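A, B, ... follow the sequence lines: proteins, then strands. Residue 1 opens every chain. Every value quoted in this text rests on a predicted model; they were computed, and no experiment measured them.
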Amino acid sequence: MSVVLTIASKEIHGYFKSYMAYILLGVYLLISMGAVFYSAYFFEYNNRNLISFFIYQPNILNILLPAVTMKVWAEEKRYGTLEFLLTQPVSYKKLVLGKFLAAWSFSVLMLLMTIPFAVYSNFLISLDLENVCAAYVAEIIVMGAFCALGCLISACNSNVIIAYLTTVLGGWIWQNVNFNTILYYFKNLFPMLKSRLDGVLNFSEYYQQMIQGQMGIETIVYFGGIIFFALWLNIIIIGWRKG
Amino acid sequence: MIEIKHLSKTYKTIKALQDISMVLPKDEIVFLVGPNGAGKSTLIKLLSGYIKPTTGEVLIEGKDVQVDRSTLLYMGYVPENSPLYPEMNVYEYVKYVAGLWQMNRDEFDQRLRVVVDKLQLTEVLTQKIDTLSKGFRRRVGIAGALIHNPEILILDEPTEGLDPNQKHEIHQFIKEYAKNRLVIISSHIMEEVEAIADRVILINKGKLVWDGVPEELKKAAPDNNLDTAFRLLTKGDMQ
C-alpha cells in the first residue's frame, strides 16, 4: 500500500506544481456555479436535493476530468519515464492504482470545494441533508468512474491532447448513447430478461436515481464495475504496451 | 550474475537481435558496443526486463526477468537520455525512487548521503530537474538507479552528449562502483571502452561479433587501435 501512496502522492504534487490544478479548480467552481444559477434556474425549482447542482455535473466532469487524467500515462510516455517506471520492482497493479487514486483524490477535492455552496443553500432553502449527502457520495463514485476511464484512455495514448479529446468523446458516448439498442439482440435471445435489461447499461438511468438519493446496490455495481473493469484493462494495456 | 540464453528480438519484420548467448558475472564493467541501430539498446531493454524477447531468456541469479519481477530488485537501470520528471527537484526525484523501492527513512537518508556525495549532486539537490544541465541530469538518473545500492547497474549510453570533464567524472564513479558488482554500459564510444571496460561485447546487425577483453579486441586491428577494430568488425571486411 505504501508504494501506491508514494505514486499517488507524487502525482498529486505534480498537479499542483503546474498552474493546471489551480486553473482546473477555479474553472470547475466557475462552471458549476454558472450552471446552477444560470442554466439550472436554482431559485425557480424545488432544490431541496440540490438537483440544479448535480444535474449538470456529468457534463462538467466530462470536460474537466480528462484534463486531470490525460497526463497520467501519456506524459510518462512523452518524457520517456515509462521505461524507468516499468523497470522498478513495482507491480503494474500498484502503478495503475496509485495513478488512479491521485486523479480520483483530485476530483474529490474539486467536489469538496462546492461544500460552502451547499452550506449557503441550506440557509436559503433548508436542504434535505440526507439526500444531499447521498448525492455527494454518489458524485464521488461517478467521479471515480470518470477517472478510471480517463486513466485507461491515457494509457492507450502517447499524446496528451489526443488523450484529452478521446476521453471527452468516450465520456460523451458513455453518458448519451442509449445502450438499449446494443442490448436489443440479447433481449430477443432472453425474453424473460427483457424488462431487467432495459436501461441496464445507461448512465443516465443510474445517475438520475443517485442524485435523488436513491443509490441501490445495482447502481454501486454499475459504477464500481466500470471502475474495476477500466483499471483491470489499464493494467493489461500497460503490460502489453511495454513491448 | 546474468545469464543470457539464445536471446532474439524481432520487431515486425526487423530482426533487432539474433540468438545472443552469454554469461555476465559480477565484478566486471561490460561494454555493449556497436554502431547505431546494431541492437545495443534492444539488448539493454531486454536485460532490464522492459521488453519481452521473441525467443530466449534473460536469467538474473537463475530467475527469468520476464517471469519473476523480484529480479528487478538486483538492478538499477538508467534508460537512454536518462528520462526524469522535469517538475521535480533532485531530492524529490531520488526520494520518489526510494519510495518505489519501499526504503525506510533511515536507509534512505544514509544512501542519499552516499549517492549525493559520490555523484557530486549536493549543490543541485533542491534544484528543479528541468533547470539542470545535461551532465547533472545524467547524474540524477544514475543517483535514482543507485539509491537502493543495486548489484547490477545498467546504463544506456550514459555519457552521450557530455563534455570530457563530465565523462571523466562518470567514468571515475563507475570504476569505483563496479567493485564486486556488475556494470553494463551501452555505448559506441571506443575511448570509453579503452578507459574503463573489463570486457567488450560487440554487436552488429543484431548479432554478437566479438566478446572479450579490450586488449584482445585491439589486437584484431593491424594498428592495434580499438576504433580500427570496431570499424573492421562492423563493416564486415575483417580478415
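Annotation: side chain to side chain donor-acceptor pair (under 3.5 Å) contacts of A:E76 (sequence neighbours excluded): A:T81, A:K99, B:Y85.
Neither the backbone nor the side chain of B:E80 comes within less than 4.5 Å of any heavy atom of chain A. When heavy atoms are compared at a cutoff of 4.5 Å, B:Y93 approaches chain A solely by way of its side chain, counted from C-beta outward. A:S18 does not touch chain B: none of its heavy atoms, backbone or side chain, sits under 4.5 Å away. In this structure, the portions of B:M88 lying under 4.5 Å from any heavy atom of chain A include both its backbone and its side chain.
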Steps toward ring pair (Phe, Tyr, Trp, His ring centres under 6.0 Å) verdict (A:F223, A:Y207): CA-CA 10 Å; A:F223 285 105; A:Y207 190 72; 7.5 Å; no
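Most heavy-atom pairs under 4.5 Å with chain B: of the set A:H13, A:Q88, A:K10, this distinction falls to A:K10. Interface remark: of the candidates B:G141, B:G76, B:S82, B:P86, B:P86 forms the most heavy-atom pairs closer than 4.5 Å to chain A.
Stacking of B:R139 on the aromatic ring of B:F136 is recorded, both the 6.0 Å distance cut-off and the 45° axial limit being met.
By the 30° and 60° cut-offs, the orientation of the rings of A:Y136 relative to A:F54 is perpendicular.
Residues B:R105 and B:D109 are paired through a salt bridge, judged by an N-O separation under 4.0 Å between the basic side chain and the carboxylate.
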